[in-house]
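Below is one structure, written out as C-alpha coordinates, with a few remarks after it.
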Amino acid sequence: NPFAAAYARVMGDSRLVCSTTDAAIRAVAAGSTVYMYNFDIPVPATVSPVLGASHGAELTSVFGTSPAFTEEAKAASEMIQRYWTNFAKTGNPNGGDDLEWPARTASSDVRINLAFESTIVDDFRAAECEFWRAGYARQFPAP
(Lines give C-alpha, C1' and ligand atoms only; values in the text may rest on other atoms or scores of the structure.)
Protein backbone atom coordinates (compact mmCIF):
# COMPACT_ATOMS: atom_id res chain seq x y z
CA ASN A 1 0.00 0.00 0.00
CA PRO A 2 1.76 3.21 -1.14
CA PHE A 3 -0.23 5.38 1.28
CA ALA A 4 0.81 3.30 4.28
CA ALA A 5 4.44 3.40 3.11
CA ALA A 6 4.31 7.19 2.72
CA TYR A 7 2.72 7.60 6.14
CA ALA A 8 5.37 5.33 7.71
CA ARG A 9 8.15 7.40 6.08
CA VAL A 10 6.65 10.71 7.28
CA MET A 11 6.25 9.39 10.81
CA GLY A 12 9.73 7.85 10.79
CA ASP A 13 11.35 11.04 9.52
CA SER A 14 9.46 13.45 11.76
CA ARG A 15 9.55 11.44 14.98
CA LEU A 16 12.81 9.49 14.75
CA VAL A 17 15.27 10.13 11.93
CA CYS A 18 15.11 13.92 11.81
CA SER A 19 14.56 14.52 15.52
CA THR A 20 17.66 12.39 16.19
CA THR A 21 19.57 14.40 13.59
CA ASP A 22 18.44 17.63 15.25
CA ALA A 23 19.60 16.36 18.66
CA ALA A 24 22.95 15.34 17.16
CA ILE A 25 23.47 18.76 15.59
CA ARG A 26 22.75 20.40 18.94
CA ALA A 27 25.04 17.97 20.81
CA VAL A 28 27.92 18.60 18.40
CA ALA A 29 27.38 22.37 18.74
CA ALA A 30 27.63 21.94 22.52
CA GLY A 31 30.98 20.17 22.15
CA SER A 32 29.94 16.52 22.38
CA THR A 33 31.32 13.75 20.18
CA VAL A 34 28.49 12.11 18.27
CA TYR A 35 28.49 8.82 16.37
CA MET A 36 25.37 8.24 14.29
CA TYR A 37 24.17 5.11 12.55
CA ASN A 38 21.49 3.74 10.33
CA PHE A 39 20.52 0.12 10.92
CA ASP A 40 19.90 -1.56 7.58
CA ILE A 41 19.47 -5.24 8.39
CA PRO A 42 15.87 -6.40 8.00
CA VAL A 43 14.31 -8.25 10.88
CA PRO A 44 13.63 -11.84 9.80
CA ALA A 45 10.00 -12.49 8.87
CA THR A 46 9.90 -15.10 11.64
CA VAL A 47 10.38 -12.25 14.12
CA SER A 48 8.34 -9.53 12.43
CA PRO A 49 6.72 -10.15 9.05
CA VAL A 50 6.05 -6.46 8.29
CA LEU A 51 8.55 -4.18 9.99
CA GLY A 52 11.82 -4.85 8.18
CA ALA A 53 14.64 -2.75 9.69
CA SER A 54 12.71 -0.63 12.14
CA HIS A 55 13.39 1.37 15.31
CA GLY A 56 14.85 -0.93 17.94
CA ALA A 57 15.43 -3.75 15.42
CA GLU A 58 19.18 -3.50 16.05
CA LEU A 59 18.81 -4.73 19.62
CA THR A 60 18.85 -8.40 18.64
CA SER A 61 22.12 -7.75 16.81
CA VAL A 62 23.58 -5.75 19.71
CA PHE A 63 22.83 -8.55 22.17
CA GLY A 64 23.13 -11.51 19.76
CA THR A 65 19.63 -12.73 20.57
CA SER A 66 17.94 -13.07 17.18
CA PRO A 67 16.11 -16.39 16.95
CA ALA A 68 16.63 -16.45 13.17
CA PHE A 69 20.33 -15.73 12.62
CA THR A 70 21.83 -16.61 9.26
CA GLU A 71 25.62 -16.77 9.00
CA GLU A 72 25.55 -13.33 7.36
CA ALA A 73 23.40 -11.89 10.14
CA LYS A 74 25.59 -13.53 12.81
CA ALA A 75 28.71 -11.91 11.34
CA ALA A 76 26.96 -8.52 11.23
CA SER A 77 25.81 -8.99 14.85
CA GLU A 78 29.36 -9.76 15.96
CA MET A 79 30.58 -6.60 14.21
CA ILE A 80 27.87 -4.50 15.88
CA GLN A 81 28.75 -6.02 19.24
CA ARG A 82 32.39 -5.02 18.72
CA TYR A 83 31.34 -1.43 17.97
CA TRP A 84 29.08 -1.23 21.04
CA THR A 85 31.69 -2.84 23.29
CA ASN A 86 34.40 -0.45 22.08
CA PHE A 87 32.06 2.49 22.64
CA ALA A 88 31.18 1.31 26.16
CA LYS A 89 34.86 0.88 27.03
CA THR A 90 36.32 4.01 25.45
CA GLY A 91 33.58 6.36 24.24
CA ASN A 92 34.64 5.56 20.66
CA PRO A 93 33.13 2.64 18.68
CA ASN A 94 36.25 2.14 16.57
CA GLY A 95 38.97 -0.42 17.03
CA GLY A 96 40.32 -3.44 15.25
CA ASP A 97 39.72 -4.10 11.58
CA ASP A 98 36.08 -3.01 11.27
CA LEU A 99 35.08 -0.13 9.01
CA GLU A 100 36.05 3.19 10.63
CA TRP A 101 32.91 4.78 12.09
CA PRO A 102 33.32 8.55 11.70
CA ALA A 103 32.07 11.04 14.25
CA ARG A 104 29.62 13.65 13.10
CA THR A 105 31.01 17.18 13.05
CA ALA A 106 29.53 20.63 12.68
CA SER A 107 30.38 20.53 8.97
CA SER A 108 29.75 16.85 8.13
CA ASP A 109 26.49 14.93 8.34
CA VAL A 110 28.04 11.48 8.34
CA ARG A 111 27.00 8.15 9.80
CA ILE A 112 27.67 4.47 9.42
CA ASN A 113 25.09 2.34 7.66
CA LEU A 114 25.14 -0.92 9.62
CA ALA A 115 24.37 -3.66 7.11
CA PHE A 116 25.68 -7.02 6.00
CA GLU A 117 28.24 -4.88 4.13
CA SER A 118 28.45 -1.66 6.16
CA THR A 119 29.16 1.66 4.45
CA ILE A 120 29.53 5.31 5.37
CA VAL A 121 26.60 7.55 4.46
CA ASP A 122 26.73 11.33 3.98
CA ASP A 123 23.69 13.58 4.37
CA PHE A 124 21.23 10.81 5.31
CA ARG A 125 17.72 12.12 4.51
CA ALA A 126 19.12 15.67 4.60
CA ALA A 127 16.39 17.32 2.52
CA GLU A 128 13.63 15.72 4.58
CA CYS A 129 15.35 16.63 7.85
CA GLU A 130 15.85 20.23 6.75
CA PHE A 131 12.07 20.49 6.43
CA TRP A 132 11.39 18.94 9.86
CA ARG A 133 14.18 20.87 11.61
CA ALA A 134 12.44 24.15 10.77
CA GLY A 135 9.60 23.03 13.04
CA TYR A 136 11.96 21.80 15.75
CA ALA A 137 13.70 25.19 15.74
CA ARG A 138 10.39 26.89 16.51
CA GLN A 139 9.67 24.43 19.33
CA PHE A 140 13.20 24.38 20.75
CA PRO A 141 15.04 27.62 19.96
CA ALA A 142 18.82 27.57 20.22
CA PRO A 143 20.12 29.03 23.48
Using a 4.5 Å cut-off between side-chain heavy atoms of Ile, Leu, Val, Met, Phe, Trp and Tyr, which other residues end up in the same hydrophobic cluster as V121? V17, F124
Hey, what do you get for CZ (R125) to OG1 (T20), rounding to the nearest 0.5 Å? 13.0 Å
Donor-acceptor contact present, side-chain S77 to main-chain S61, <3.5 Å: yes
Could you check whether atom CD of Q81 has more than 12 heavy atoms from other residues, nucleotides or ligands sitting under 6.0 Å from it? yes
Near Y7 OH, under 6.0 Å, is it more than 12 heavy atoms from other residues, nucleotides or ligands? no
Only one of T119, N94, L99 clears side-chain contact (heavy atoms from CB on, under 4.5 Å) with I112; which? L99
Gap between atom CG of D123 and atom SG of C129 - 0.5 Å precision: 10.5 Å
Between CD1 of I80 and CG of L114, what distance do you get to the nearest 0.5 Å? 5.0 Å
Please check this pair: side chain of N86 against backbone of R82, looking for a donor-acceptor N/O pair closer than 3.5 Å. yes
Taking S32 for the side chain and V34 for the main chain, is one N or O donor matched with an acceptor at less than 3.5 Å? no
Is the centre of the F63 ring less than 6.0 Å from the centre of the W84 ring? no
Distance check, rounded to the nearest 0.5 Å: L59 atom CG versus F39 atom CZ? 9.0 Å
Say you draw a straight line from CZ of F116 to CE of M79; how long is it, rounded to the nearest 0.5 Å? 10.0 Å
Closer than 3.5 angstrom, by distance alone: can the side chain of S118 be matched with the main-chain N or O of A115 as a donor-acceptor pair? yes
Nearest-0.5 Å distance that lies between atom CD in E58 and atom CG in N38: 10.0 Å
Please examine the side chains of V10 and W132, heavy atoms only from C-beta on, and report whether any two atoms are closer than 4.5 Å. yes
